[in-house]
Peer 1: 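Have a look at this one before I ask anything.
Quick note on labels: first sequence line is chain A, next is B, and so on, each numbered from 1. Keep in mind that the numbers below use all heavy atoms, side chains included, and drop hydrogens, waters and symmetry copies.
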Protein chains: 4
Amino acid sequence: MDGFQQRREQKKHAILETATTLFMKHGIQKVPVSEIAKKAGVSQVTIYNYFDNKHTLVHACFLYYVDQALLEFERIVESDMPFPDKIKQIIFNKKETSQINEEFYHYLMKEYTSGETNYIEKIYVEKAVPYFTQLFEEGKKLGYIDPNLSQEAILFYIKMFKDTMQQEEVYKRVLPLTEDITNIFFYGLFGKREND
Amino acid sequence: MDGFQQRREQKKHAILETATTLFMKHGIQKVPVSEIAKKAGVSQVTIYNYFDNKHTLVHACFLYYVDQALLEFERIVESDMPFPDKIKQIIFNKKETSQINEEFYHYLMKEYTSGETNYIEKIYVEKAVPYFTQLFEEGKKLGYIDPNLSQEAILFYIKMFKDTMQQEEVYKRVLPLTEDITNIFFYGLFGKREND
Amino acid sequence: MDGFQQRREQKKHAILETATTLFMKHGIQKVPVSEIAKKAGVSQVTIYNYFDNKHTLVHACFLYYVDQALLEFERIVESDMPFPDKIKQIIFNKKETSQINEEFYHYLMKEYTSGETNYIEKIYVEKAVPYFTQLFEEGKKLGYIDPNLSQEAILFYIKMFKDTMQQEEVYKRVLPLTEDITNIFFYGLFGKREND
Amino acid sequence: MDGFQQRREQKKHAILETATTLFMKHGIQKVPVSEIAKKAGVSQVTIYNYFDNKHTLVHACFLYYVDQALLEFERIVESDMPFPDKIKQIIFNKKETSQINEEFYHYLMKEYTSGETNYIEKIYVEKAVPYFTQLFEEGKKLGYIDPNLSQEAILFYIKMFKDTMQQEEVYKRVLPLTEDITNIFFYGLFGKREND
DNA sequence: AATGAATGAGGGTTCATTCAT
DNA sequence: GATGAATGAACCCTCATTCAT
């Protein structure tokens, strides 16, 4: 990559970074392109030179975010910490991946899971699911996960926890309950019984 | 209430119904007041005669929705079906209460749980929590719920399931997994073991 | 006038009173008919039953105000106080007639002196000018007014003072200068010279 | 200033010019931003690019007008025409400075003299008063102005004349009386006496 | 390639006025 | 005759996007 290309990539990166942060903080509709431009220190038109329109930009931000999240995810799954800790980190580590949140997250969910394209699905299948599979296998082998459970169900379950924790307010309120919730996570409402 | 009042209430109801539906379907920012007016068969200004501004309208829609949901909730909790069925219904009965969803839901969450007022919290504490408490007591007495779990944790857990199911796409995908998920719900990832 | 008529007149009067007050306080454009209705304790439509439209209402308010002002004016001119005091009162008695002011006053001026109708002119010629004439004659006879001055010029001069004083802010600022200004009024910038 | 800046200033100037004229002619509330845009040959949004909102635009128009008026004022005061002619020009030269009038003028007066900021006062004290002072000194030295009169009173007096003349209709009606009014201005109602 | 300037389309809101009871 | 309800028209303002340099 030559110098031109490099600077181009840097600028693109800056825009992406700024936009993603803003979208995550305030939601998509509430962030005008003009504000992204101002905060990123470029002209609006420059943004349009890199991304066809706002929608495309949002799309790119999403991919950018997913990439970061997957990296973090990979780090956790492939680390050598005990299985339960991996799970805890995945569920509770909101702050580590970079705080995605609410409006942005759900806009994406809406935008990308409904209708034709379904990018989230695609990304997940292609990239995240392998890690999850690996994680679940480990869990089953170690006896933490019921081997009768379908992978889809487990995936849903863990994703539900993870997504729920993404919400700032929920996260704050639930933090003191970490112990209980981890228990519920593994043993459900029924709880862990003596004779296990 | 005289005829005037009655018709007034009817119209207000119609607007509320229309607005709530639209907000739930497309999100708040994407639904112009003008569209609500058209769909409700009234003039835009009429809406402003009933609700001071869009924000107020959204607020009213929220209360309207909550009322409906609570009614349904009460019906389930106080019915005489078996405990597990109650739970299933609460979690999976998305379609029965009226399909709340995504942007609207999260706008409200954002709007009402952050900052000073926190209406959702207030409503929940005042109205929903009593029902939940009653439900949990029943579950504990019948041995379905670990009595060591804090009420807050249980509340979080069940609400998480319920909220997750509110999302159209998730719901559709997860429906075939009902059995597995109900199992997870009660027994967690660890699953139900023989000797229980 | 029968009871019906009387009540009708009372209601009309109430509307007029309210409207005039509001117009004088906030200006015409800033006072919606709805507010007049609310403050007067009647329905908007009632106002429209009495006055064809807002313009007509403003017109009526003007006449209503002028009547009051003329009454006050007559009282002063025909009283037996010394001539200079009469002048002072006419110029400075803002508070006595009821505080007309700024936007309302100038809206009227604009609305009624420009174009076809010119109501102010008509009213003045018909009603106020006779009093002024009488006043000027007295002033000339007593040596306070230069007999060579045309009536129009005097009229302009005194009206200018009077109108200027109608402006709240001016009035307040100028009050401490009453003595000087009265002097200027009679003797101009040149001032009163010894040998007069 | 480069070409960009220059064109920007030109456009801003054009908008200001158009807006000021329209405001002065019809009043502020009666002139929609859209009309200014159309008359100035720009898009409505362009106006918002230059001025944050309508209020800001009005403010700018005011300053623009004041600047022009002061320039003209300076020209008169520092010219070498006889003192009485200076006065006449100041009072009667409505058409020369650019015709400010009524609603605009009084809106400003209302807007800017009431409450905290009081821009008119500030501008006058800072910029106009020095010229007035110089003018009054000259008048006193030449015997045209009574040296016992306070500067405030003189200021009020001359400003009153000037403001009154700003009103289109008044101006037209009074023009034939110029001689008389100039006399009144200097010698008041009492008039000039022989032995002066 | 990058920018300042410009804009069409649309959204929330207000208000004078009319309709229907 | 009086009112509550309803509305068309208009206004201020925002934003994604394009133009021109």
Side-chain angles (χ1 to χ4, degrees), chain A residues 4-5 7-8 11-12 28-37 41-58, chain B residues 2-5 7-8 10-12 15 28-37 41-57, chain C residues 4-5 7-8 11 28-37 41-58, chain D residues 2-5 7-8 10-12 15 29-37 41-57:
Chain A
F4 268 133
Q5 279 283 348
R7 238 168 308 151
R8 188 183 165 81
K11 214 156 207 171
K12 197 166 177 176
I28 292 173
Q29 313 212 41
K30 291 212 176 146
V31 176
V33 176
S34 62
E35 195 187 335
I36 300 171
V42 299
S43 141
Q44 282 192 55
V45 187
T46 301
I47 295 181
Y48 280 89
N49 284 340
Y50 287 101
F51 309 93
D52 282 354
N53 46 35
K54 196 182 183 182
H55 186 82
T56 308
L57 174 59
V58 170
Chain B
D2 60 9
F4 266 133
Q5 281 282 351
R7 232 160 317 151
R8 191 181 166 83
Q10 271 176 21
K11 204 143 214 170
K12 197 166 177 175
I15 293 171
I28 291 174
Q29 312 211 43
K30 289 217 178 142
V31 176
V33 176
S34 61
E35 196 189 334
I36 301 171
V42 299
S43 148
Q44 195 169 341
V45 185
T46 299
I47 293 182
Y48 280 92
N49 284 340
Y50 286 96
F51 308 93
D52 283 354
N53 46 37
K54 196 182 181 181
H55 186 83
T56 307
L57 174 60
Chain C
F4 268 132
Q5 280 284 348
R7 238 166 308 151
R8 190 184 163 81
K11 213 155 207 170
I28 292 174
Q29 314 212 41
K30 290 211 178 147
V31 176
V33 176
S34 63
E35 195 187 335
I36 300 171
V42 298
S43 142
Q44 282 192 56
V45 187
T46 301
I47 294 182
Y48 280 89
N49 283 339
Y50 287 102
F51 309 93
D52 281 355
N53 47 35
K54 195 182 183 182
H55 186 82
T56 307
L57 174 60
V58 170
Chain D
D2 61 9
F4 267 133
Q5 281 282 351
R7 232 161 318 151
R8 189 181 166 83
Q10 273 177 20
K11 205 144 213 169
K12 197 167 179 176
I15 293 171
Q29 311 210 44
K30 290 217 178 140
V31 176
V33 176
S34 62
E35 196 189 333
I36 300 171
V42 299
S43 148
Q44 194 170 340
V45 186
T46 300
I47 294 182
Y48 281 92
N49 284 341
Y50 286 97
F51 307 92
D52 283 354
N53 46 37
K54 196 181 181 183
H55 186 82
T56 308
L57 174 59

Peer 1: With a 4.0 Å limit, can you tell me whether C:K30 has a side-chain N or O closer than that to the phosphate oxygens OP1/OP2 of E:dC15?
Peer 2: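 So the side-chain polar atoms of C:K30 never come under 4.0 Å of the phosphate oxygens OP1 or OP2 of E:dC15.
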Peer 1: Using the test side chain to side chain contact (heavy atoms under 4.5 Å, CB included), find all partners of D:N53 that sit at least two apart in sequence or belong to another chain.
Peer 2: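 Partners of D:N53 by the side chain to side chain contact (heavy atoms under 4.5 Å, CB included) criterion, ordered by chain and then number, come out as D:H55, D:T56.
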Peer 1: Using Watson-Crick and G-U wobble pairs whose two distances are both under 3.5 Å, how do you write the pairing of DNA chain E as dot-bracket, with | for links to another strand?
Peer 2: .||||||||||||||||||||
Peer 1: Are any of A:T46's side-chain N or O atoms less than 4.0 Å away from OP1 or OP2 of E:dT3?
Peer 2: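 Result: yes.
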Peer 1: Of D:V31 and B:Y50, whose nearest nucleotide on DNA chain F comes first from the 5' end?
Peer 2: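 Result of the comparison: B:Y50.
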Peer 1: Nearest whole Å is fine: how far is F:dC13 C1' from D:Y48 OH?
Peer 2: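 The distance from OH of D:Y48 to C1' of F:dC13 comes to 5 Å, rounded to the nearest Å.
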Peer 1: What is the distance, rounded to the nearest whole Å, between atom NZ of B:K12 and atom P of F:dA5?
Peer 2: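 It is 11 Å, rounded to the nearest whole Å.
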Peer 1: Are any protein N/O atoms closer than 3.5 Å to N/O atoms in nucleotides 8-10 of chain E? If there are, list each pair with its distance.
Peer 2:
none

Peer 1: Identify, with sequence neighbours excluded, every residue that meets side chain to side chain contact (heavy atoms under 4.5 Å, CB included) alongside B:Q44.
Peer 2: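 For B:Q44, the residues satisfying side chain to side chain contact (heavy atoms under 4.5 Å, CB included) (neighbours in sequence not counted) are B:V33, B:S34, B:A37, B:Y48.
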Peer 1: Can you measure A:N53 atom CG to F:dT18 atom P for me and round it to whole angstrom units?
Peer 2: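 Answer to the nearest Å: 8 Å.
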Peer 1: Measure the distance from NZ on D:K54 to P on E:dT14 and round it to the nearest whole Å.
Peer 2: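 Answer to the nearest Å: 16 Å.
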Peer 1: Rounding to an integer number of Å, can you tell me how far D:I47 CD1 sits from F:dC11 C1'?
Peer 2: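 It works out to 13 Å between those atoms.
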Peer 1: Provide, to the nearest angstrom, the distance between the CG atom belonging to B:D52 and the P atom belonging to E:dC15.
Peer 2: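 Going from B:D52 (CG) to E:dC15 (P), I get 13 Å.
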